[in-house]
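This report concerns only the one structure given below.
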Amino acid sequence: MFDDLRPIDAVGQRTSPLYIAGPCSAESREQMLATARGVAACGVDWLRAGVWKPRTKPGGFEGMGDVALEWLAEAKAVTGLRTMTEIATPRHLEAALRSGVDGVWIGARTTTNPFAVQQIADALQGIDIPVLVKNPVNPDVNLWIGSIERIYNAGIRRLAAIHRGFGSYEPNIYRNPPQWSVAFELRRQIPSIPIICDPSHIGGRADLVAPLAQQALDMGFDGLMIESHCSPEYALSDSAQQLTPDALRDLIGSIRLRRTPDAPDAMRDFRMQIDAIDNRLIELLAERMSIAREIGRYKSQHGMPIVHRDRFNEILEAASARAVATRMSSKFICRIITDIHEESVRQQWEVSDKKQRSM
Ligand code: PEP
Ligand code: MN
């Protein structure tokens, strides 16, 4: 599966990132045309605009609906840009296609729902149009891949994925913190799919968009989807994160592409070193776990509890200090140590009497 994907762009293999830009929502004919002219002058590849907006609570701005498709069509005629919009139902798809939209994306809230994605997939049967699938709201790579598979099974071959970050309850500088490892796992499982980053919905703030965009391209993303509005301060949705077309031009102009002709060989060496280190890490963990099992047997024979809070806190404190001394974040190291400790506890439980008795 996925070996026969085609570029969403239909212009062959790209050497530069794919740029998709446009307003969060098409709000009026004037706003749409002014924004489209502005982003076209930045040299982007596609014009985006939301027509139906999935809002968290009722009463928010839910998009202008079908009439906005006419503005999008006019913007396409005026600028020559290809257009794309978000669809969440078969009816949206039908209306978008009728109006001459060139591509569609499935939003994060929709990707989360297999029933909705399957209905869209059924409606896509026999249609050859680029479809971009945003990650689901929660960091579940299988749900993301499952949605992509449903669309693929409907016969769509011009497919791409979009990383737009994941919802978070914890306070965070980002509106939807990215989890790059989830995107990398998607790439590992579907190497042929282009992955585009949406730094606007990740950042949630205009000043965070450019650094995120650069970071994503440095990490090998294939393109960017960026929200741009002719007057962001008056935008009816996502006002804080939209860039003016001027700011978009600055962003695109400031992007540094890291690919150099001799990169592949150098990269292969680095990857081999990384693979070797990963193998060592796994071996070390295995060694640690075998000691944990011995401890587990000992504690079990002596009636000692498996978890010692104080001991764990000591380990965490020491690790956190080491992390800072070795230029890593203590949060990162504490998270790893906590996971390792959890697995140790599980291994101790595996060999304990309690487990033997409970079986
Ligand atoms: C959007 O692109 O405007 C949008 C609603 O995005 P998401 O589905 O990522 O929230
Ligand atoms: Mn938006």
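In each ligand, atom 1 is the first atom listed, and ligand 1 is the first ligand listed.
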What protein N/O/S atoms are found closer than 2.8 Å to the Mn ion (ligand 2)? Cys24 SG, His201 NE2, Glu227 OE2, Asp238 OD2
Write down, by chain and number, every protein residue that brings a non-hydrogen atom to less than 4.0 Å from an atom of ligand 1. Cys24, Arg48, Lys53, Glu86, Trp105, Gly107, Ala108, Arg109, Lys134, Arg164, His201, Glu227
For residues 329-341, tabulate all N or O donor-acceptor pairs below 3.5 Å that involve a side-chain atom, not counting sequence neighbours.
from	atom 1	to	atom 2	distance (Å)
Ser329	OG	Phe332	N	3.0
Thr338	OG1	Cys334	O	2.5

Among Arg158, Arg82, Arg48, Lys76, which one satisfies salt bridge (charged side-chain N to carboxylate O under 4.0 Å, His left out) with Asp102? Lys76
So with a 6.0 Å cut-off around CD of Glu342, is the heavy-atom count from everything else above 12? no
With a cut-off of 3.5 Å and sequence neighbours excluded, list every side-chain donor-acceptor pair involving residues 51-62.
from	atom 1	to	atom 2	distance (Å)
Lys53	NZ	Cys24	O	3.2
Arg55	NH1	Phe61	O	2.8

Compute the ring centroids of His308 and Phe312, then answer whether they are less than 6.0 Å apart. no
We want to know whether Ser344 and Arg288 form a side-chain donor-acceptor pair, criterion being a heavy-atom distance below 3.5 angstrom. yes
Determine yes or no for a side-chain-to-main-chain donor-acceptor pair under 3.5 angstrom, with Asn176 supplying the side chain and His201 the backbone. yes
More than 12 non-hydrogen atoms from neighbouring residues, nucleotides or ligands closer than 6.0 Å to CZ on Arg293, yes or no? yes
Under a 3.5 Å threshold, yes or no: a donor from one side chain and an acceptor from the other, between Gln241 and Asp238? yes
